[in-house]
Amino acid sequence: MILVVGGAGYIGSHVVKQLVETKPVVVLDNLSTGHRYAVDKRAVFVHGDLGDRATLVRMFEKYPIDAVMHFAANSLVGESVVEPMKYYKNNVAATLTLLETMMEYGVKRFIFSSTAAVYGIPNVDLITEDCPTNPINPYGRSKLMIEHMLSDFASAYDLRYVVLRYFNAAGAHESGDIGEDHHPETHLIPLILQHLLGLRDKISVFGTDYDTPDGTCIRDYIHVTDLAEAHILALHALLSDEKKTATYNLGNGLGYSVKEVIDMCERVTGKKATIEYTARRPGDPERLVASSENIARELGWQATRSLEDIIASAWRWHASKRG
Ligand SMILES: O=c1ccn([C@@H]2O[C@H](COP(=O)(O)OP(=O)(O)O[C@H]3O[C@H](CO)[C@H](O)[C@H](O)[C@H]3O)[C@@H](O)[C@H]2O)c(=O)[nH]1
């Protein structure tokens with residue numbers, strides 16, 4: 001059985017939907033940002049905190065858990081600067097409790113959701129996993145601390161793990177049942193689509209004076225279903241002992257500027273956006289684009305969905321739920 005911590009969240013719920021096709025799954029989620037409706041009915045659901053040892057002990061006693069996938073985290077960069085305590089407590093301390101309990105119960109396979117934020121402000125066009133990690137905010141630092149823990153635990157306790165550093169996850173499940181559903185929403189694509197649905201007055205572009213062709217920030221948008229497929233491959237590699245430890249970037253390898261994303265949203269939806277150009281948002285790196293060569297070579301993963309696919313799937317989702 002696979003324990004999915006944070007399986008009611010955006011990315012976790014998409015992975016659970018794929019995973020239940022082939023494996024028994026138990027989800028642990030405190031529903032602080034996730035949604036009960038998003039958890040596939042075929043999975044067992046436990047409502048609780050990953051930092052609560054008693055809950056974890058009950059779960060490890062009750063279910064024959066072979067591996068843990070860990071998606072649960074606070075993940076807003078701006079919030080992490082204002083409330084760092086929350087990030088070190090919920091991301092770092094709670095994960096330590098999870099790992100400690102796993103080691104006690106001899107569960108030694110772990111897949112961890114990390115982020116492009118561990119790279120800080122990289123000075124290369126395509127980011128490879130061996131680029132220096134210099135996070136510039138508490139969110140990125142909290143994720144990097146866990147990466148360091150995993151590496152130490154692998155040496156000391158034979159923990160086997162795959163770290164997946166996501167770039168900009170976006171898009172929705174093809175079934176139309178689940179998609180990005182954050183409250184409040186801060187991410188670019190859902191905000192544009194909510195605006196085009198008439199739920200917001202305008203879309204703000206944060207900064208027009210970056211050193212990029214059109215002056216707006218460049219990001220690597222990756223379909224959540226492509227991300228989910230990478231997790232399934234990573235799990236298979238861990239369970240079959242093909243991999244003991246690995247750290248991979250997950251992106252498309254293509255960068256799109258904020259303006260290009262708005263253009264594509266207009267094209268896909270056939271609607272015109274009202275754009276407000278504003279100042280830079282503090283902490284935004286100019287350009288973040290992944291090289292995902294390593295996971296392609298080692299696990300055979302390839303992103304197959306384009307920015308247009310991402311936006312079309314997100315549009316179907318937002319238009320159906322009208323928000
Ligand atoms: O209203 C908006 C919202 C965003 N942006 C811009 O759009 C780009 C993408 O912004 P998002 O907030 O959608 O995504 P981020 O790149 O900031 O965040 C991503 O990377 C972060 C780490 O860097 C976290 O992992 C986060 O959860 C993940 O979505 C950025 O250049 C941002 O400045 C706008 O111009 N206007």
Side-chain angles (χ1 to χ4, degrees), residues 6 9-12 33-34 71-81 87 90-91 112-122 127 131 133-144 146-147 163-171 179-196 199-224 227 249-252 254-265 273-290 307 310-311 314:
Y10 172 43
I11 299 170
T33 58
F71 298 91
N74 293 115
S75 62
L76 300 176
V77 168
E79 181 188 66
S80 79
V81 175
Y87 282 72
N90 294 349
N91 293 0
F112 179 61
S113 302
S114 189
T115 168
V118 298
Y119 295 111
I121 303 180
I127 302 170
C131 283
T133 46
N134 293 310
I136 56 167
N137 50 62
Y139 167 62
R141 279 191 281 274
S142 74
K143 289 287 184 176
L144 188 60
I146 301 165
E147 290 196 16
V163 165
L164 298 173
R165 292 177 177 162
Y166 311 149
F167 282 62
N168 285 60
E180 202 164 355
D181 194 0
H182 297 122
H183 299 274
E185 188 51 77
T186 62
H187 294 105
L188 181 64
I189 292 176
L191 288 175
I192 301 169
L193 298 179
Q194 287 173 357
H195 162 55
L196 295 175
L199 300 167
R200 293 172 190 273
D201 297 348
K202 56 183 186 293
I203 180 74
S204 302
V205 171
F206 300 147
T208 53
D209 58 349
Y210 287 100
D211 187 14
T212 59
D214 66 17
T216 66
C217 278
I218 292 178
R219 292 288 179 277
D220 181 339
Y221 295 88
I222 172 86
H223 199 295
V224 66
L227 286 186
N249 287 340
L250 291 179
N252 259 305
L254 294 171
Y256 289 95
S257 73
V258 173
K259 274 192 186 159
E260 286 172 326
V261 173
I262 296 174
D263 288 348
M264 183 68 85
C265 288
T274 303
I275 303 172
E276 175 190 49
Y277 295 98
T278 65
R280 291 183 179 201
R281 183 173 69 177
D284 272 343
E286 184 163 278
R287 180 187 158 91
L288 289 174
V289 183
L307 180 66
I310 288 171
I311 292 172

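In this text the structure is predicted, and so the values were computed from the model without any measurement. Counting starts at 1 for both ligands and their atoms, in listed order.
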- Query: According to the interplanar angle, ranging from 0 to 90°, do the rings of Phe167 and Tyr119 count as parallel (below 30°), tilted (30 to 60°) or perpendicular (above 60°)?
  - Reply: tilted
Residue, atom name and distance, where the atom is the protein heavy atom closest to [atom]:
atom	result
atom 8 (C) of ligand 1	Tyr221 OH, 3.8 Å
atom 24 (C) of ligand 1	Tyr139 CE2, 3.7 Å
atom 10 (O) of ligand 1	Arg281 NH2, 3.4 Å
atom 21 (C) of ligand 1	Val77 CG2, 4.0 Å
atom 36 (N) of ligand 1	Ser204 O, 2.6 Å
atom 5 (N) of ligand 1	Phe206 CD1, 3.6 Å
atom 19 (C) of ligand 1	Asn168 ND2, 3.7 Å
atom 33 (O) of ligand 1	Asp284 OD2, 2.6 Å

No-hydrogen, no-angle side-chain donor-acceptor test under 3.5 Å, [X] and [Y]:
X	Y	result
Tyr210	Thr216	no
Glu185	His187	yes
Asn252	Asp220	no

- Message: As a test of understanding, state which of Ile192, Leu307, Leu191 forms a side chain to side chain contact (heavy atoms under 4.5 Å, CB included) with Cys265.
- Response: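 The side chain to side chain contact (heavy atoms under 4.5 Å, CB included) with Cys265 is passed solely by Ile192 among Ile192, Leu307, Leu191.
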What atoms in ligand 1 come closer than 4.0 Å to a heavy atom of [X]?
X	answer
Thr186	3 (C), 12 (O)
Thr115	22 (C), 25 (O)
Ser75	26 (C), 27 (O)
Val205	35 (O)
Cys217	31 (O)

- OG of Ser204 to CZ of Arg281: how many Å apart, nearest 0.5 Å?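 Going from the OG atom of Ser204 to the CZ atom of Arg281 covers 11.0 Å.
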- Query: Can a salt bridge be assigned to the pair Asp209 and Arg280 using a cut-off of 4.0 Å between side-chain N and carboxylate O?
  - Reply: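 Salt bridge: yes.
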- Would you find a donor on one side and an acceptor on the other, under 3.5 Å apart, between the side chain of Ser114 and the backbone of Arg165? no
- Query: Stepwise, does the side chain to side chain contact (heavy atoms under 4.5 Å, CB included) test hold for Val261 with Tyr221?
  - Reply: CA-CA 9 Å; Val261 173; Tyr221 295 88; 3.6 Å; yes
